[in-house]
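A quick write-up on the structure given underneath.
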Amino acid sequence: MVCVEDIFRAAMGLMDELNAEGEAQHEGTEEYERRAPIIVNTLLAELNLRRGRRGHSPQTESLDDCVQGVSDAFALSALACGLAANLLLDENPAAADFYSQRYEELRERYLASEAECGAVEDIYGGIELGGFGRW
């Protein structure tokens, strides 16, 4: 299961904010660390609304909390892009726009992959047998 810290680390990598040792949590990212759980909660709540789930979403309060209700791949790709977009809004609007578009694209693919497909009922009957061939 992916934790907010994993999503945060992926977002810092996207934003080129890792330090020389490859660490995401350092003096330069303290503000980002404080904002990350709240932004992840917002992204998860939005996802649940898009899924048609109106109930309470599990909340994350710190970087140590794990994200529930989504796949690890979605968390590390789409949520990392969404987090990067929200963290960069004031600093770099062009990069924020890029990550926002990428987040939306990945979110829509994820939602499409969750969609249930079933048999389509033929309510007209006879069309496939040429029953309406004569006019």
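In this text the structure is predicted, and so the values were computed from the model without any measurement.
- A heavy-atom distance below 4.5 Å is found between the side chains of Leu63 and Gln25.
- In this structure, CE on Met15 lies 9.0 Å from CG on Asn92, to the nearest 0.5 angstrom.
- Residues Leu18 and His26 approach most closely at C-NE2, 4.2 Å, considering heavy atoms.
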Chi angles and distances behind the side-chain contact (heavy atoms from CB on, under 4.5 Å) call for Phe74, Arg109
CA-CA 10 Å; Phe74 178 79; Arg109 283 186 183 180; over 6 Å; no

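- Contact annotation: the side chain of Val67 never approaches that of Met1 to less than 4.5 Å [non-hydrogen atoms, C-beta and beyond].
- Judged purely by atom type and a 3.5 angstrom limit, Asn86 uses its side chain to pair as donor or acceptor with the backbone of Gly82.
- The OH atom of Tyr99 sits 7.0 Å away from the CG atom of Leu88 when rounded to the nearest 0.5 Å.
- The shortest non-hydrogen separation linking Leu76 to Ala10 is O-CB, 4.0 Å.
- In this structure the side chain of Arg50 reaches within 4.5 angstrom of the side chain of Glu108, judged on heavy atoms.
- When all heavy atoms of Ala11 and Leu83 are compared, the closest pair comes out as CB-CD2, 3.8 Å.
- A salt bridge links Glu105 with Arg102: the distance from a Lys NZ or Arg NE/NH1/NH2 to an Asp or Glu carboxylate oxygen falls below 4.0 Å.
- Checked against Thr60 for a side-chain contact (heavy atoms from CB on, under 4.5 Å), the options Val4, Ile7, Ile38 give a single hit: Val4.
- Between Glu23 and Thr29 there is no side-chain heavy-atom pair separated by less than 4.5 Å.
- In this structure, the side chain of Ser100 does not engage the main chain of Ala96 through any donor-acceptor pair within 3.5 Å.
- For the pair Leu44/Leu79, a side-chain contact is recorded, criterion being any heavy-atom separation below 4.5 Å from C-beta on.
- Here the side chain of Asp65 pairs a donor or acceptor atom with the backbone of Glu61 at under 3.5 angstrom.
- Looking only at side-chain heavy atoms (C-beta outward), Ile39 and Leu43 come within less than 4.5 Å of each other.
- The pair Arg9-Glu5 does not meet the salt-bridge criterion, since no charged nitrogen lies less than 4.0 angstrom from a carboxylate oxygen.
- In this structure a side-chain-to-backbone donor-acceptor pair under 3.5 Å is present from Asp6 to Cys3.
- In this structure, Phe8 and Ala36 approach most closely via the heavy-atom pair CD1-CB, 3.8 Å.
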